[in-house]
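Structure provided below as structure tokens; questions to follow.
Worth knowing before you read on, the calculation uses all heavy atoms, side chains too, and leaves out hydrogens, waters and symmetry mates. This is a predicted model, so every value here is computed, not measured.
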Amino acid sequence: QQRFVESGGGLVHSGGSLTLSCAASGFDLERLAVGWFRQAPGKDREIVSCIEGTDGKTYYVDSVKDRFVLSRDNVKNTLWLQMNNLNPEDTGVYYCKADHYCPRLDSGAIMRVPEWGQGTQVTVSS
């Protein structure tokens with residue numbers, strides 16, 4: 001079964017850092033774009049970052065730009081999200097999703113592979 005397993009979340013004080021990982025199981029990430037999404041309490045799920053499979057180009061929404069760094073390791077079939085200078089607005093459940101290419105990073109962003117996993121909880125205290 002194709003799935004992502006997200007991990008690395010936790011509780012951190014404002015200004016702290018976390019690194020999330022997203023391991024792909026049952027499929028190969030090498031040629032796929034992978035996006036990180038998050039869902040804050042009471043809000044819709046939103047895309048925050050994406051990395052292309054073709055050239056490795058990364059994209060970030062303005063709220064995380066210069067604080068988050070997205071990277072990938074195709075040998076390990078794993079995607080990473082290094083999150084620095086966290087603030088309470090970063091709180092939420094973080095998920096991965098893949099597709100052939102990154103979408104525009106807006107509220108209508110869709111990625112297709114695979115089904116949503118359980119995500120990993122990030123909680124940033126003030």
(request) Determine whether Val113 and Gln2 make a side-chain contact, defined as any pair of heavy atoms from C-beta on separated by less than 4.5 Å. (result)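 Val113 reaches Gln2 side chain to side chain.
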(request) With the side chain counted from C-beta on, respond yes when Arg104 and Tyr59 share a heavy-atom pair under 4.5 Å apart, and no when they do not. (result)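 The answer is no, as the side chains (C-beta and beyond) never meet within the 4.5 Å cut-off.
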(message) A side-chain contact here means heavy atoms from C-beta on lying under 4.5 Å apart; do Glu46 and Val61 qualify?
(response)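 Result no, sub-4.5 Å side-chain heavy-atom pair not found.
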(message) Can a side-chain donor-acceptor contact be found between Asn84 and Ser17 if the only test is distance below 3.5 angstrom?
(response)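 Yes - a donor-acceptor pair under 3.5 Å links their side chains.
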(request) Please assess Ser14 against Ser126 for the test side-chain hydrogen bond (donor to acceptor under 3.5 Å, both in side chains), listing each intermediate value before the final yes or no. (result) CA-CA 5 Å; Ser14 182; Ser126 60; over 6 Å; no
(request) Show the numbers, then the answer: is there a side chain to side chain contact (heavy atoms under 4.5 Å, CB included) between Arg38 and Asp90? (result) CA-CA 8 Å; Arg38 70 185 179 193; Asp90 298 315; 2.9 Å; yes
(request) Can you label the angle between the Tyr94 ring and the Phe68 ring as parallel, tilted or perpendicular, going by 30° and 60°? (result)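 The arrangement is tilted - the two ring planes meet at 30° to 60°.
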(request) Decide, yes or no, whether a salt bridge links Arg3 with Glu115 under the criterion of side-chain N to carboxylate O below 4.0 Å. (result)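 Salt bridge: no.
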(message) Whether the side chain of Asn77 engages the backbone of Ser25 through a donor-acceptor N/O pair (distance < 3.5 Å, no angle test) should be reported.
(response)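 No; zero donor-acceptor contacts below 3.5 Å.
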(message) Any non-hydrogen side-chain atom of Phe4 less than 4.5 Å from a side-chain atom of Phe27?
(response)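 Side chain of Phe4 against side chain of Phe27, heavy atoms only: contact under 4.5 Å found.
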(request) Quick one: do Leu105 and Cys50 satisfy side chain to side chain contact (heavy atoms under 4.5 Å, CB included)? Show the steps, please. (result) CA-CA 8 Å; Leu105 303 193; Cys50 190; 4.2 Å; yes
(request) Answer yes or no: is there a side-chain heavy-atom contact under 4.5 Å between Val12 and Met83? (result)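 Answer no - side chains too far apart.
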(request) For Glu6 and Cys96, indicate whether the former's side chain and the latter's backbone hold a donor-acceptor pair under 3.5 Å. (result)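 Yes.
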(request) With side chain to side chain contact (heavy atoms under 4.5 Å, CB included) as the test, would you mind laying out the steps for Gln121 and Thr91 before giving the verdict? (result) CA-CA 8 Å; Gln121 176 72 49; Thr91 292; 4.2 Å; yes
